[in-house]
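Take a look at the structure set out below.
Note that the structure is predicted; figures quoted are calculated from it, not measured. As the structure lists them, so they are numbered: ligands from 1, and atoms in each ligand from 1. Just the heavy atoms: all of them, side chains too, but no hydrogens, waters or symmetry mates, feed the values below.
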Amino acid sequence: MNNNKIKNIFLNYFKKKKHKIFKSLSIINKNKKYSNLMFINSGINQFLEYFLNKKKPKYLKIANIQKCIRITGKNNDLNIVGYDNYHHTMFEMLGNWSLGEYSQNTAIKLAWELITKKYKISKNNIYVTIFKGDKKNKLNFDKKSYNIWKKLINKKNILFFGFKHNFWKIDNFNLCGPSSEIHIDIRNKKNKKNKNGRYLVNKNNNYVIELWNIVNIKYIIKNNKILKNKYLLSNNYIDTGMGLERLCMILQNKKSTYETDIFFPIIKKIENILCIKYGKNKKIDIVIKIISDHIRTIFFSMLDGVIPNNKKEGYIIRKLIRRSLIYSYKFLNIKKPFLFKIIPIFNNKNKNIIKLLKQEELNYFFILKKNIRIVKNFIKDKIINSNLKLIDNKLILFLYETYGLYYFIIKKIANKYNLKIVNTKLIEI
Ligand code: SER
């Protein structure tokens, strides 16, 4: 089942259930009135004013597919991307909302029917997690959800977790509430027999993964305090979200989101441009995954108007561009622009994005070369005038922060001048 069909099934299902279908909002968070996030980080972002009772909604049942970015703020996945098989800086979230119309009872039943009847995911592969309560914040066990789930699924497949996993917040000063999560076990029969999937839920396992989060929005969080909210408590406020890339991985029988029809064409293009092969070497695979993830985020952000520069969203996208280049420089020894060549895989008509991206890449290599020269002179000078023998943590950090030189480049310079170098964990690569 290709990703378009998967999306259509979702939208048609909720249309039939009388939900109003909304379009994906721009990926940039343009309306900072209710959240100062730079990028949209979940489908609920465009409906905040209704949840916060600032505006009367026209529709009480809503669904959409929203492009989301999670590289800043509370929900930040950047450092995991590429190192596992299913986290991304950008993903599409399939979500449905109830604005005072239905409770978690209906939300859970809708989710269950969709994944077991329409997408035909086997019940045996499904695990559900429920909020067990939190004493410190005086929050109760989510018994309501438990009572619904135990009618739908074997009790052995239900697990209970606390604040970290089953209490969702957009950021630290906004809506929040307990959640039920649906997790799917995609391991092969033998591995399932060896270890029951329930022991792998929320354990960062690559093959037992969270798919759908069903949040019962009940509270407001302010200064780390969870506050009861009459308006939310007295009504039925539901916020759900499911990652399209993960759903594709499950329904397309892949062991990684990177092998789905969303990412594989990008990977093929990278293989072609860089004359490398995916699936032969673990380190190279990480680099290819990082590039394919980042270029997708870069492209869709630029399509929505972000220009790489040193401010806000522009800075984040610049960081992703530089990160892609530095990984390919270190592990593939590529020292010239190539990201712009991947863009036609998304859409051929984006000449402006291609031009801007190429220029940004050229600028980076220009700065990098210049800074390497400056640092070499700086080091030579220190050897002569201060008898420098060692590049220590402090100096590494200084060179990184001042000249943007990564550890692996500083190490090359140290080798060239026969200097000792003490590694630091402070710098990523
Ligand atoms: N907002 C919740 C999440 O992002 C559910 O959509 O997980």
Side-chain angles (χ1 to χ4, degrees), residues 7 10-11 13-14 19 21-22 24-25 27 29 31 34-52 61-78 80 86-99 101-104 106-108 110-112 114-115 127-131 142 145 149 161-184 201-202 209-221 226 229 232 236-247 257:
K7 286 190 199 180
F10 179 87
L11 294 176
Y13 176 78
F14 280 102
H19 285 62
I21 308 298
F22 274 61
S24 175
L25 210 63
I27 213 162
N29 182 24
N31 182 356
Y34 303 112
S35 160
N36 65 359
L37 286 167
M38 270 194 255
F39 293 102
I40 298 293
N41 77 349
S42 51
I44 193 176
N45 283 201
Q46 64 167 307
F47 311 117
L48 290 181
E49 55 194 4
Y50 307 126
F51 279 91
L52 291 163
K61 302 200 288 184
I62 296 169
N64 85 355
I65 302 178
Q66 172 69 49
K67 289 192 183 73
C68 305
I69 290 187
R70 290 191 176 177
I71 341 181
T72 55
K74 190 194 146 293
N75 299 291
N76 184 345
D77 294 330
L78 181 61
I80 321 170
Y86 64 98
H87 275 95
H88 295 289
T89 52
M90 188 201 103
F91 63 98
E92 287 190 73
M93 185 184 269
L94 314 168
N96 61 294
W97 290 270
S98 158
L99 294 164
E101 177 77 14
Y102 56 77
S103 68
Q104 65 264 58
T106 305
I108 289 169
L110 287 171
W112 183 252
L114 180 61
I115 60 168
Y127 292 88
V128 171
T129 64
I130 289 172
F131 183 57
D142 184 5
S145 298
W149 277 118
F161 286 89
F163 209 61
K164 185 175 165 206
H165 293 291
N166 283 85
F167 196 89
W168 200 80
K169 312 179 237 166
I170 299 176
D171 49 33
N172 285 326
F173 47 87
N174 217 311
L175 300 160
C176 54
S179 68
S180 278
E181 286 181 349
I182 298 174
H183 294 246
I184 313 290
V201 171
N202 283 336
I209 54 167
E210 178 201 332
L211 174 66
W212 202 341
N213 193 12
I214 300 162
V215 188
N216 183 200
I217 299 282
K218 267 179 148 172
Y219 311 103
I220 308 267
I221 187 161
I226 292 158
N229 183 293
L232 292 171
N236 295 317
Y237 285 88
I238 297 293
D239 159 38
T240 91
M242 164 163 65
L244 173 70
E245 297 72 7
R246 294 181 190 183
L247 184 60
T257 47

Pairing residues for E181 by the salt bridge (Lys or Arg N to Asp or Glu O under 4.0 Å) criterion, not counting sequence neighbours: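 In terms of salt bridge (Lys or Arg N to Asp or Glu O under 4.0 Å), with neighbours along the sequence ignored, E181 is linked to no residue.
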Taking the side chain from [X] and the backbone from [Y], do they hold a donor-acceptor pair closer than 3.5 Å?
X: Y13; Y: L110; answer: yes
X: N96; Y: F14; answer: no
X: T89; Y: I71; answer: no

F51/Y34 aromatic ring centres below 6.0 Å: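 Not under 6.0 Å, so no.
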Polar contact flag, side-chain donor to acceptor under 3.5 angstrom, T129-H165: no
As a test of reading the model: which N/O atoms of the protein lie under 3.5 Å from N/O atoms of ligand 1, and at what distance?
{"residue": "ligand 1", "atom": "1 (N)", "partner": "D239", "partner atom": "OD2", "Å": "2.7"}
{"residue": "ligand 1", "atom": "4 (O)", "partner": "R70", "partner atom": "NH2", "Å": "2.8"}
{"residue": "ligand 1", "atom": "6 (O)", "partner": "D239", "partner atom": "OD1", "Å": "3.2"}
{"residue": "ligand 1", "atom": "6 (O)", "partner": "T240", "partner atom": "O", "Å": "3.2"}
{"residue": "ligand 1", "atom": "6 (O)", "partner": "G241", "partner atom": "N", "Å": "3.0"}
{"residue": "ligand 1", "atom": "7 (O)", "partner": "W168", "partner atom": "NE1", "Å": "3.3"}
{"residue": "ligand 1", "atom": "7 (O)", "partner": "N213", "partner atom": "ND2", "Å": "2.9"}

